[in-house]
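Both ligands and their constituent atoms are indexed starting at 1 by order of listing. Fair warning: this is a prediction, and the values are worked out from it, not measured in the lab.
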Amino acid sequence: MLPNFREKETVLLDMDGTLLDLHYDNYFWQHYLPQVYAQAKEIDEASALAHLMPIFKAHQGTLNWYCVDFWSEELGVDIMHHKAQVADRIAYRPQAEAFLQTCQDEVEDTRLITNGHRKVLDLKMAVTGLDKYFREMICSHELGAAKEQQVFWQRLQSMNEFEPETTLFIDDNEAVLDSAHKFGIRHLYSVAQPDSVTPRSSLSKYPMLDDFFARAD
Ligand SMILES: [Mg+2]
């Protein structure tokens, strides 16, 4: 159980791998898109993967990495069209909706903060109805910086002030949690199993959650 989360003034929640199963995103980028790319370029899947992996790696942690328009242009593939093709894999993580309902009932200021692109957020909202739990849903593109960068947090705070000391933040990305820690956000939690079909991770500097009501450690 998250300690005293009801007493926090602000709860910040990541989307992919935290509220929603990262399986959808991993499946799309690691399996589905390489197949689409292989067909488009008339090469085999192994060659497609060998070509794509270094390009993915070069952009990880940047706004480009999270930008569907960038990837559509870079790869010559309509990313949103293909994301919609496999949208049946978009799903909540265990207990996420119960947790969101509790936040909505008991926490003054709950915000979704995602590095995901607004077009992807729109697709995920259409499938899950996630938006009914939030007054604010912030995409890092709209702040011009990814959560990995300090300027993201500065801009988030200047949009709508919050007190880092009484803020709780859950994210499955260690670099993002480090960035939030550096900014001064006090109550930080990681996620033990962001993707339901890959093994749980056992290492994080931050307490890990199994689901929102159970600690993994
Ligand atoms: Mg995430």
| request: For the residue pair F212 and F99, categorise the inter-ring angle as parallel (less than 30°), tilted (30 to 60°) or perpendicular (more than 60°). | output: parallel
| Which of parallel (below 30°), tilted (30 to 60°) and perpendicular (above 60°) describes Y37 and H51? | parallel
| Check: Y92 side chain, T128 main-chain N or O, donor-acceptor pair, under 3.5 Å | yes
| query | Listing residue and atom name, which protein N/O/S atoms are closer to the Mg ion (ligand 1) than 2.8 Å? | reply |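 Near the Mg ion (ligand 1), below 2.8 Å, one finds D14 OD2, D16 O, D172 OD1.
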| Does the ring center of H59 lie less than 6.0 Å from the ring center of F70? |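 Yes, they do, as the ring centres are separated by less than 6.0 Å.
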| request: Check the pair D109, R111 against salt bridge (charged side-chain N to carboxylate O under 4.0 Å, His left out), reporting the backbone distance first and the verdict last. | output: CA-CA 7 Å; D109 176 17; R111 305 180 204 180; 3.0 Å; yes
| request: Assess whether ring pair (Phe, Tyr, Trp, His ring centres under 6.0 Å) is satisfied between F56 and W71, documenting all intermediate values. | output: CA-CA 10 Å; F56 288 169; W71 289 113; 5.2 Å; yes
